[in-house]
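Computed from a predicted structure; not experimentally measured.
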Amino acid sequence: MSKPIMSAHFESRKPSDVRLAQMKYDEREKKPEAVINVGIGNVSLPTNPAMMKRLFNLDAPESPFSKGVIRYSGTAGTPEAQDAFKNILKSEGFDTSKLNVQVTDGGSSGMELVILGVCGPAGENERPLMMIDPAYTNYLSFAQRVGRKTVTIKRHMGEDGKFNLPEMSDIEEMIVENNPGGLLVIPYDNPTGQLYDHETLVDLAKLCVKHNMWLIGDEAYRELYYREDKDLISVWALTEEEVPGIVGRRISIETASKVWNACGLRIGAVISDNAEFSKKSIAEYTANLCANVIGQYIFGALAHESKEDILGWCKEQRDYYKDMIVKVRNGLLEKEPGLIVSSPDASIYSVIDVRNVVKPGFDSIDFVLYCAGEGLVELDGVETTLLVAPMKGFYDVKDSSENPGTTQFRISFVESPENMAKVPGLFVELLRKFEAQR
């Protein structure tokens with residue numbers, strides 16, 4: 001009997017590298033006593049108190065859900081949820097008077113909308129999305145899903161753990177050659193943990209104006225920066241005086257997931273200073289009807305928080321992560337000095353490159369599958385394994401090209417400080433066991 005035929009797109013799909021370790025571990029028949037999962041940026045901290053209050057009181061008299069009725073909101077989101085995003089930006093010192101906010105089902109839906117909004121037709125090479133390698137892997141996945149092309153500015157991880165951009169003249173040459181529709185920048189970088197400086201953002205913005213491109217800032221980790229000599233970096237910090245023509249071509253992708261510790265709430269936003277872009281983006285999103293209304297209500301609590309409360313919360317998050325990230329980086333280098341670990345400047349990630357300590361033929365995916373499927377280390381008398389993310393999927397390279405991610409991993413600082421302190425020893429011991437059997 002014949003079988004129904006799946007689309008070529010479905011046939012070609014593979015799991016995201018971010019989820020690979022968890023999926024393999026779930027299949028493991030004999031699991032170790034403990035697992036530390038730093039492969040996914042799944043924050044385990046409690047959410048903001050104002051949001052928590054609404055979460056635990058959905059039946060309160062003032063709640064729109066008190067009678068058990070859950071209706072659609074407008075496609076652009078509830079005014080209160082829109083105001084919550086604006087209140088955060090305003091508290092951070094940005095002018096929100098001309099910003100248009102569209103609430104989405106997480107930052108992920110926002111990514112897909114932006115790709116549809118700035119790129120050329122599906123299946124064509126016209127006006128691709130320009131990204132900076134390595135970049136958050138889901139942008140590649142969403143571009144493939146909707147048939148849009150991508151082109152990437154290549155960065156190389158130096159022995160000092162820094163990912164350095166090419167010269168602006170080289171970037172401009174790529175722009176002229178590929179005619180991209182928009183440039184995506186992740187100022188608080190996922191996956192590298194690096195922090196862009198304002199001067200670099202200005203230079204990139206000038207190229208966007210010169211070549212009639214959109215400037216897209218993925219600002220999921222805005223406020224999570226750990227260098228005290230840096231100001232808050234954002235596409236909204238750019239002024240018309242320093243970049244003439246930048247107003248009207250900026251887009252930011254926002255989320256409740258990271259700074260606000262609400263990954264599963266699935267509330268994000270697309271914000272633009274171009275009213276026509278926002279109008280068309282909302283029109284495209286009408287097919288989705290609206291974002292999760294319970295999530296909008298919970299996040300909407302931030303519309304009523306004071307500037308002091310907003311900034312105080314953000315500082316608490318920075319203080320929490322900074323100490324942990326520095327300790328883990330130092331621990332990795334102490335356990336194995338040959339490792340290269342990215343500079344801990346921002347976001348909640350670090351990249352580990354093992355190229356100096358492994359034998360030829362090493363593949364990061366093989367090591368991840370080993371850790372998830374059979375690897376274990378006895379740690380304080382407890383059999384334990386570690387889940388990390390291979391970096392291969394964060395690079396936009398052709399199959400025949402060398403992928404720097406072959407020897408690189410991303411770790412997420414989402415476990416407790418106690419568990420994160422175990423990561424250096426676990427990683428190095430598992431790596432040594434894996435290499436010994438090759």
Side-chain angles (χ1 to χ4, degrees), residues 14-47 136-138 190-191 193 257-258 261-264 320-321 323-325 327-332 334-336 339 341-342 344 347-354 357-358 362-394 405 407-438:
K14 295 180 181 178
S16 163
D17 281 2
V18 173
R19 296 276 173 173
L20 187 64
Q22 183 65 61
M23 294 174 70
K24 182 66 175 179
Y25 182 77
D26 289 342
E27 297 171 358
R28 186 168 176 169
E29 290 188 7
K30 186 179 180 182
K31 293 180 170 59
E33 297 172 76
V35 58
I36 295 177
N37 187 353
V38 294
I40 305 171
N42 193 14
V43 180
S44 57
L45 295 171
T47 192
Y136 181 40
T137 181
N138 280 5
N190 176 9
S257 294
K258 308 306 180 184
N261 302 339
C263 294
Y320 172 83
Y321 284 115
D323 181 62
M324 186 162 55
I325 290 172
K327 284 180 179 177
V328 170
R329 183 176 191 267
N330 291 343
L332 284 163
E334 287 169 8
K335 293 285 185 181
E336 177 50 78
L339 294 176
V341 186
S342 62
S347 80
I348 58 171
Y349 306 107
S350 287
V351 174
I352 306 170
D353 196 324
V354 300
V357 299
V358 295
F362 181 88
D363 190 302
S364 56
I365 290 179
D366 292 341
F367 176 65
V368 167
L369 294 178
Y370 162 78
C371 293
E374 59 181 282
L376 59 85
V377 169
E378 188 166 299
L379 193 66
D380 299 327
V382 178
E383 290 185 344
T384 309
T385 195
L386 178 70
L387 306 186
V388 297
M391 281 285 291
K392 289 177 78 172
F394 291 83
T407 59
Q408 295 175 0
F409 305 89
R410 186 192 77 169
I411 60 171
S412 308
F413 291 85
V414 295
E415 291 269 0
S416 67
E418 294 75 22
N419 277 348
M420 290 306 304
K422 300 174 184 177
V423 168
L426 270 174
F427 182 86
V428 171
E429 287 304 312
L430 285 164
L431 183 65
R432 288 172 178 164
K433 290 181 74 170
F434 176 73
E435 282 293 278
Q437 70 175 25
R438 283 209 301 135

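Ser416 is linked by a side-chain contact (heavy atoms from CB on, under 4.5 Å) to Glu418, Asn419, counting only residues two or more places apart in sequence or in another chain. Under the rule for a side-chain hydrogen bond (donor to acceptor under 3.5 Å, both in side chains), Thr47 has no partner lying at least two apart in sequence or in another chain. Qualifying side-chain contact (heavy atoms from CB on, under 4.5 Å) partners for Thr407, counting only residues two or more places apart in sequence or in other chains: Asp353, Val354, Arg355, Phe362. For the side-chain hydrogen bond (donor to acceptor under 3.5 Å, both in side chains) test, no residue two or more places apart in sequence or in another chain qualifies with Asn42. Phe427 pairs by the ring pair (Phe, Tyr, Trp, His ring centres under 6.0 Å) definition with Phe367, Phe409, not counting sequence neighbours. Scanning for side-chain contact (heavy atoms from CB on, under 4.5 Å) contacts around Ser342 gives Met157, Phe163, Ser350, Val351, with sequence neighbours left out. Residues that satisfy the salt bridge (charged side-chain N to carboxylate O under 4.0 Å, His left out) test with Glu435, not counting sequence neighbours, are Arg438. With sequence neighbours excluded, no residue satisfies salt bridge (charged side-chain N to carboxylate O under 4.0 Å, His left out) with Arg28. Residues forming a salt bridge (charged side-chain N to carboxylate O under 4.0 Å, His left out) with Glu415 (at least two apart in sequence, or on another chain): none. Looking at residues two or more places apart in sequence or on another chain, you find a side-chain contact (heavy atoms from CB on, under 4.5 Å) between Asp323 and Lys327.
What you find for Val357 and Leu339 is that their closest heavy atoms are CG2-CD2, 4.0 Å. Smallest separation of non-hydrogen atoms from Phe413 and Met420: CD2-CE, 3.4 Å. The two atoms that bring Pro424 and Ala421 nearest to each other are CD-O, 3.5 Å, heavy atoms only. Pairing each heavy atom of Asn37 with each of Val414, the nearest pair is O-CG2, 3.7 Å.
Annotation: side-chain hydrogen bond (donor to acceptor under 3.5 Å, both in side chains) contacts involving residues 362-373, sequence neighbours excluded, comprise Asp363-Lys392.
A donor-acceptor distance shorter than 3.5 angstrom exists from the side chain of Lys258 to the backbone of Gly41, with no hydrogens or angles considered. Proximity of a side-chain donor or acceptor of Arg410 to a complementary backbone N or O of Tyr349 within less than 3.5 Å is not detected.
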Item checked: Stepwise side chain to side chain contact (heavy atoms under 4.5 Å, CB included) check, Ile36 with Val423 -> CA-CA 8 Å; Ile36 295 177; Val423 168; 4.2 Å; yes
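Proximity of Tyr320 to Pro417: side-chain heavy atoms (C-beta onward) are separated by under 4.5 Å at one or more points.
No more than 12 heavy atoms of other residues, nucleotides or ligands lie within 6.0 Å of NZ in Lys335, so this atom counts as exposed by the packing criterion.
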Can you list, pair by pair, the side-chain donor-acceptor contacts under 3.5 Å of residues 371-389, counting residues two or more places apart and other chains?
from: Thr384; atom 1: OG1; to: Val382; atom 2: O; distance (Å): 3.0
from: Thr385; atom 1: OG1; to: Cys371; atom 2: O; distance (Å): 2.7
from: Thr385; atom 1: OG1; to: Gly375; atom 2: O; distance (Å): 3.0

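Within the model, atoms CE of Met391 and CD1 of Ile411 stand 11.5 Å from one another, a figure rounded to the nearest 0.5 Å.
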